> 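Let me give you the structure first, and then I'll get to my questions.
It should be emphasised that the depicted structure is a prediction, and the values quoted were computed from it without experimental measurement.
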Amino acid sequence: MSETPTGSPAASPVEAPQAGALGAVEQRGIEPVPVSERRGNPLQLFWVWFAANISVVGMPLGVSLIALGLSAWQAVVVAIIGSFGSFAVVGLISIAGRRGGAPSLTLSRAVFGTRGNAGPTAVALVSRLGWETVNTSTAALAIVTSASLLAGTGGDAKSAPLVAVAGVALFVGFTVAVSGMGHAVILLVQKWSTWIFGAVNLLILAFLVVNIDWAEVGRAPSGGLAAVLTGIGTIVAGTGIGWANSGADMARYQAPTVRALPLVMSASAGAGIPLVIMISMGSVLGASDATIATSANPLDAIRDTLPTGVAVGYLVISFIGLLLSNHLSVYSAGLTTLTLGLRVKRVYAVIVDVVVTTVASLLFLLVADGFYGPFTTFISLLAVPISAWVGIFLVDMIRRRDYDPDGLLDLTSRGAYYYTGGVRWSALGPWLAAIAVAALFMQVSPGDVPWYTGPLHDTWIGVNGMAWIAAAVVGGALYAAFGLRSAAGDDE
């Protein structure tokens, strides 16, 4: 019998409650879901992705587009292309989840080898932890902003540190309460939250629209092609690409009879609709007030634009919206942690996850200078290795129709995916090469002074922020040339 990464035998149906069991904490880790328990449908995933992306984090993305030199109308177009397109990729990864019944990075062992997969898995974990830090920090800033309106405290974390710490603690507590329960609870929470908080969000945003200085928005100049392409890259990196290596995590419960197109559409439309709304609103706010892009608190626009009562109400909704995104991210991070080899149950992996993000959030709030610089640098950096993984994984899916469930969990030299010393170099090599090539075009600049500038940054690819595309293309092309020899991937 194969063993799970926790060191215990793969869970039986009795030990691992089905997707519909709401009353118990999910015991299943990364072991493939038995076919008898795969009863999901694409509409469930639509609710999951919609609720996860109705959060206020979309607003800073919209503000960042204005900071790039785009007009509000260009930003809306960029949001549509970037959001719907990037989450279509998430939908494609979901197809692998339906085929193999396992999380994305567990399935990735079949491509990179049980040991070679450690690199992509570590990047995925950093990505999830990073987004949880952004979510937690923004939620804490919602509390800080509310307190500044109601009690006259400081308007940023550094001027109201105790309020910021309390906000982090409150958000983390609510996150753990749902994330630890597992797949069935998340499906239920996301569905009803989409209707309830989505509707309230739209009402408050409508009120916000009435109070925006539209004349100032109309005076904002339009950006050139380079700014538009960079904007698309920013949205792709900050939305779908950040979730790409989690696409199969929720889709592993999808019924084997579910077709591929509905899976892709459920992710693309489910996430694209709320993201376009939130990003567009952020871009309009940014265009109406130039000081927003330089603010240490991305929620200042809410405080300064709306009456106190309405602003506090919106900030409460923002807190809940961030929670909807964060508990899904924590769930996925727990699975990724298990894939990396940490020998704990999934629920304990969740605890480890939130401890790390709690500490990181406090550092981000109380130590870091500003919000938008570190935010955009973070999403740009991680987009490169994740895009390289996406390129390779999608090319592999062209030929691979199923996965060996025992091989995915067998980490010994006898395992089906052990390959050469646990590494499949025809996949890991292209992944590393793609990252190296993309780095030539990158510039890392969280502040005014760049930390790193690649030798080819001044080229068309570098100037237009297309390093992530270079990573995906190079990784996929090299893997197609050297690694795609058989459907089973047993070439080594």
Side-chain angles (χ1 to χ4, degrees), residues 16-22 25-35 37-55 86-108 124 127-128 131-132 175 178-194 239-256 258-260 262-272 274 323-339 346 349-350 353 390 393 403:
Q18 296 181 4
L22 291 175
V25 173
E26 181 184 7
Q27 297 300 312
R28 174 168 288 112
I30 61 173
E31 62 273 13
V33 179
V35 175
E37 296 182 26
R38 300 185 204 173
R39 304 168 186 170
N41 61 77
L43 184 59
Q44 292 175 329
L45 295 183
F46 175 89
W47 301 127
V48 166
W49 293 121
F50 194 106
N53 289 281
I54 196 67
S55 78
S86 64
F87 267 92
V89 174
V90 176
L92 291 173
I93 303 295
S94 298
I95 297 171
R98 183 209 62 190
R99 292 174 180 174
S104 304
L105 272 302
T106 304
L107 298 173
S108 183
S127 174
R128 294 273 56 84
W131 277 110
E132 289 159 32
T175 297
V178 178
S179 301
M181 292 302 293
H183 179 272
V185 174
I186 286 178
L187 289 181
L188 182 66
V189 170
Q190 300 292 87
K191 177 180 179 179
W192 289 106
S193 297
T194 295
T239 57
I241 291 299
W243 281 105
N245 46 25
S246 299
D249 295 1
M250 300 303 293
R252 61 191 178 133
Y253 283 94
Q254 291 288 294
V258 171
R259 299 178 63 183
L263 279 177
V264 175
M265 292 179 64
S266 67
S268 180
L323 185 64
L324 298 177
S325 176
N326 206 58
H327 69 232
L328 182 61
S329 184
V330 172
Y331 176 84
S332 180
L335 297 173
T336 304
T337 301
L338 295 179
T339 302
R346 187 189 64 82
V350 167
D353 176 280
V390 167
F393 195 84
Y403 298 83

> How close do Leu107 and Ala102 get, counting heavy atoms only, and between which atoms?
CD1-O, 3.5 Å

> I'd like to check Arg252 versus Pro32 (side-chain heavy atoms, cut-off strictly below 4.5 Å). Are they in contact?
no

> Hey, is the main chain of Gly247 close enough, under 3.5 Å, to the side chain of Ser94 for a donor-acceptor pair?
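A pair under 3.5 Å: yes.
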
> Are the side chain of Ser104 and the backbone N or O of Ala248 linked by a donor-acceptor pair below 3.5 Å?
yes

> What heavy-atom pair brings Ala333 and Arg128 nearest, and what distance separates the two atoms?
CB-CB, 3.7 Å

> In the structure I gave you, are the side-chain heavy atoms of Val258 and Arg38 within less than 4.5 Å of one another anywhere?
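A side-chain contact is absent here, since even the closest heavy-atom pair is not under 4.5 Å.
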
> So which atom in Ser332 and which in Ser246 form the shortest heavy-atom distance, rounded to 0.1 Å?
OG-OG, 2.7 Å

> Applying side-chain hydrogen bond (donor to acceptor under 3.5 Å, both in side chains), name anything that partners Thr239, two or more places apart in sequence or on another chain.
Ser86

> How long is the gap from CH2 on Trp243 to CE on Met250, to the nearest 0.5 Å?
9.5 Å

> On a heavy-atom basis, which atom in Ile93 and which in Ala244 lie closest, and how many Å separate them?
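Scanning both residues, the minimum pair turns out to be CG2-O, 3.5 Å.
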
> Considering only heavy atoms from C-beta outward, does the side chain of Asn245 approach that of Leu105 to under 4.5 Å?
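Sidechains of Leu105 and Asn245: in contact.
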
> Using 0.5 Å steps for rounding, measure from the OH atom of Tyr253 to the CZ atom of Arg39.
11.0 Å

> Quick check for you: to the nearest 0.5 Å, what is the distance between Ile30 atom CD1 and Leu338 atom CG?
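One finds 6.0 Å between CD1 of Ile30 and CG of Leu338.
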
> What is the distance from atom OG of Ser266 to atom CD of Gln254, rounded to the nearest 0.5 Å?
7.0 Å

> Between atom CZ of Phe87 and atom CG of Leu92, what is the distance when rounded to the nearest 0.5 Å?
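Between Phe87 CZ and Leu92 CG, I get 13.0 Å after rounding to 0.5 Å.
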
> Holding to side-chain hydrogen bond (donor to acceptor under 3.5 Å, both in side chains), I want the full list of residues that pass it with Ser108, two or more places apart in sequence or in another chain.
Asn117, Trp389

> To check you understand the geometry: which heavy-atom pair defines the closest contact between Pro274 and Ile54, and what is its length?
CB-CD1, 3.7 Å

> What's the shortest heavy-atom distance between Gly100 and Tyr403, and which atoms?
CA-CD1, 3.8 Å

